[in-house]
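Report on the following structure.
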Amino acid sequence: ADLSGEYIAYGGYQFDYETKDATLPVYFISDTVNQQLQAQEKEFFDAYDLAVSSSDLRVLYNGEPIGIAMGVGAGGVEGQPVVVSTGETLVYNTIGITLENKWNGDIAELKDVTLYLPQDITLDEERNGAASLGCPFTSFGTDSKTRDNVYVLDDAVRDQLFDFYIKNHAFFGKEDRHTFQCWVAIDPDFVGDAPYVTDAYRADASYVYKVKDASKAITIVGGEP
């Protein structure tokens, strides 16, 4: 009753959500096969007549507020196939997990990020060290059905992520994405004598998403009607 003039009305909403079963198809070869291909100057996918495009080696996005992208690499170079050390040659492999902000909002609470690796593949505890802002995962044992190795967001690191990034509205930054990268250890027997092996890395994320506030200017005329 006592208002008169221009005012700004604004509001937004937030909700719980999960991005489930983000899956990256991965091809693996031994370092011996890799050396043979290099000596023959052949590309892996061409050498085995595999009709695989770059889009086939990406995580499928299903319209969630937060998308999950994954990538693999070795020696600072990203790409497939993943080369597995089976002899004297040492190959240090990595996995990158990127949370991508797809909607017009931000994370209000990051509840968990879960990573699933095939049975003979683990996060390299020696090279990664303790869970950190760069590689925030801790072991959660083995999935009883798939036998995958399961890793979850470490509780202490999750609190740090919230304190350092989300509360300051800077979790994603200007590029609307945030990436974690970890060293991966692969058992040499994973590929054995096969020319190549295919499997998959998977990830889930659960979070509270907050859509950015909308606002509107409202003019109120005071006085008696």
Notebook entry, point to check: Which of these passes side chain to side chain contact (heavy atoms under 4.5 Å, CB included) with Val191: Thr86, Asp120, Ile29?
Noted result: Thr86

Note to self: Give me the atom names and distance for the closest heavy-atom approach of Leu57 to Phe45.
What the structure shows: CD1-CZ, 3.9 Å

Item checked: Check: Tyr27 main-chain N/O paired with Asp199 side-chain donor or acceptor under 3.5 Å -> no

Item checked: Nearest heavy atoms of Glu100 and Arg177, plus distance in Å -> OE2-NH2, 3.3 Å

Note to self: Please check this pair: side chain of Asp112 against backbone of Leu153, looking for a donor-acceptor N/O pair closer than 3.5 Å.
What the structure shows: yes

Checklist line | Ring centres under 6.0 angstrom apart (Phe44, Tyr196) | finding: yes

Check: Does Val52 share a hydrophobic cluster with Val59, counting links as ILVMFWY side-chain heavy atoms below 4.5 Å and allowing steps through other members?
Finding: no

Checklist line | Verify same cluster id: Leu60, Trp103 (apolar side-chain graph, 4.5 Å) | finding: no

Margin query: Restricting to non-hydrogen atoms, name the atom on Ala47 and the atom on Leu37 that form the minimum distance, rounded to 0.1 Å.
Written below: CB-CD2, 3.6 Å

Check: Taking all non-hydrogen atoms of both residues, which atom of Ala108 and which atom of Lys210 are closest, and how far apart?
Finding: CB-CB, 4.1 Å

Checklist line | Under-4.0 Å salt bridge between Arg202 and Asp148 | finding: yes

Check: Just wondering, more than 12 heavy atoms not from Glu126 lying within 6.0 Å of its CD?
Finding: no

Notebook entry, point to check: Where the side chain of Glu64 meets the backbone of Asn62, is there a donor-acceptor pair that is under 3.5 Å apart?
Noted result: yes

Notebook entry, point to check: Going by heavy atoms in the side chains, are Lys212 and Asp106 under 4.5 Å from each other?
Noted result: no

Check: Hey, what do you get for OG1 (Thr122) to CD1 (Ile186), rounding to the nearest 0.5 Å?
Finding: 9.0 Å

Next item on the list: Check Ser206 against Glu18 and note the closest heavy-atom contact, atom names and distance.
Entry: CB-CG, 3.8 Å

Margin query: To check you understand the geometry: which heavy-atom pair defines the closest contact between Gly67 and Lys102, and what is its length?
Written below: N-CG, 3.8 Å

Item checked: Ring centre gap for Tyr151 and Tyr116 strictly below 6.0 Å -> no

Margin query: Under 4.0 Å between a side-chain nitrogen and a carboxylate oxygen: does that hold for Lys111 and Asp16?
Written below: yes

Margin query: Nearest 0.5 angstrom please: Gln181 CD to Thr94 OG1, how far?
Written below: 4.5 Å

Margin query: Side chains of Val72 and Gln80, heavy atoms from C-beta outward: is any pair under 4.5 Å?
Written below: yes

Check: What about Ile121 and Val83, same hydrophobic cluster or not, with Ile/Leu/Val/Met/Phe/Trp/Tyr joined at side-chain heavy-atom distances under 4.5 Å?
Finding: no

Next item on the list: State the CZ-CD distance between Arg158 and Gln160, to the nearest 0.5 angstrom.
Entry: 12.0 Å

Checklist line | Within 6.0 Å of CD in Gln35, more than 12 heavy atoms from elsewhere | finding: yes

Margin query: Other residues, nucleotides and ligands only: do more than 12 of their heavy atoms fall within 6.0 Å of CZ on Phe140?
Written below: no

Check: Are Val91 and Val84 close enough that some pair of their side-chain heavy atoms sits under 4.5 Å apart?
Finding: no

Check: Going by heavy atoms in the side chains, are Ile66 and Ile107 under 4.5 Å from each other?
Finding: yes

Checklist line | Any side-chain heavy-atom pair of Ser85 and Tyr92 under 4.5 Å | finding: no

Margin query: Tell me whether Val208 shares a hydrophobic cluster with Val157, the cluster being built from Ile, Leu, Val, Met, Phe, Trp, Tyr side chains joined at under 4.5 Å.
Written below: no

Notebook entry, point to check: Quick one: does Asp154's side chain get under 4.5 Å of Pro136's, heavy atoms only?
Noted result: no

Margin query: Pairing donors with acceptors under 3.5 angstrom, does anything connect the side chains of Tyr13 and Asp213?
Written below: no

Notebook entry, point to check: Do Val33 and Leu50 share a hydrophobic cluster (ILVMFWY, side-chain heavy atoms under 4.5 Å, transitive)?
Noted result: yes

Check: Roughly how far apart are Arg58 CZ and Met70 CE, rounded to 0.5 Å?
Finding: 14.0 Å

Next item on the list: Let me see the working for Ser4 and Ile220 under side chain to side chain contact (heavy atoms under 4.5 Å, CB included), right down to the final yes or no.
Entry: CA-CA 5 Å; Ser4 180; Ile220 298 177; 5.7 Å; no

Note to self: Before you tell me yes or no, could you show the steps for Ile97 and Phe137 under side chain to side chain contact (heavy atoms under 4.5 Å, CB included), namely the whole-Å CA-CA distance, both residues' side-chain angles and the distance that decides it to 0.1 Å?
What the structure shows: CA-CA 11 Å; Ile97 304 99; Phe137 300 102; 4.0 Å; yes

Note to self: Checking the side chain of Asp56 only, and the main-chain atoms of Ser53 only, is there a donor and an acceptor separated by less than 3.5 Å?
What the structure shows: yes

Note to self: Distance check, rounded to the nearest 0.5 Å: Phe28 atom CZ versus Asn93 atom CG?
What the structure shows: 8.5 Å

Next item on the list: Could you walk me through whether Asn34 and Thr32 pass the side chain to side chain contact (heavy atoms under 4.5 Å, CB included) test, one step at a time?
Entry: CA-CA 5 Å; Asn34 185 53; Thr32 301; over 6 Å; no

Notebook entry, point to check: Any side-chain heavy-atom pair from Asn149 and Leu123 closer than 4.5 angstrom?
Noted result: no

Checklist line | Cationic N near anionic O, under 4.0 Å, Asp204 to Lys20 | finding: yes

Item checked: Main-chain N/O of Gly105 paired with Asn101 side-chain donor or acceptor, under 3.5 Å -> yes

Next item on the list: Using the six-membered ring wherever Trp is involved, compare the ring planes of Tyr209 and Phe15 and label them parallel, tilted or perpendicular (cut-offs 30° and 60°).
Entry: tilted

Checklist line | Value rounded to 0.5 Å, distance of SG in Cys182 from CG in Leu115 | finding: 7.0 Å

Next item on the list: Show the numbers, then the answer: is there a side chain to side chain contact (heavy atoms under 4.5 Å, CB included) between Val113 and Leu99?
Entry: CA-CA 9 Å; Val113 179; Leu99 303 182; 4.3 Å; yes

Check: Is there a side-chain contact between Trp183 and Cys135 (heavy atoms, below 4.5 Å)?
Finding: no

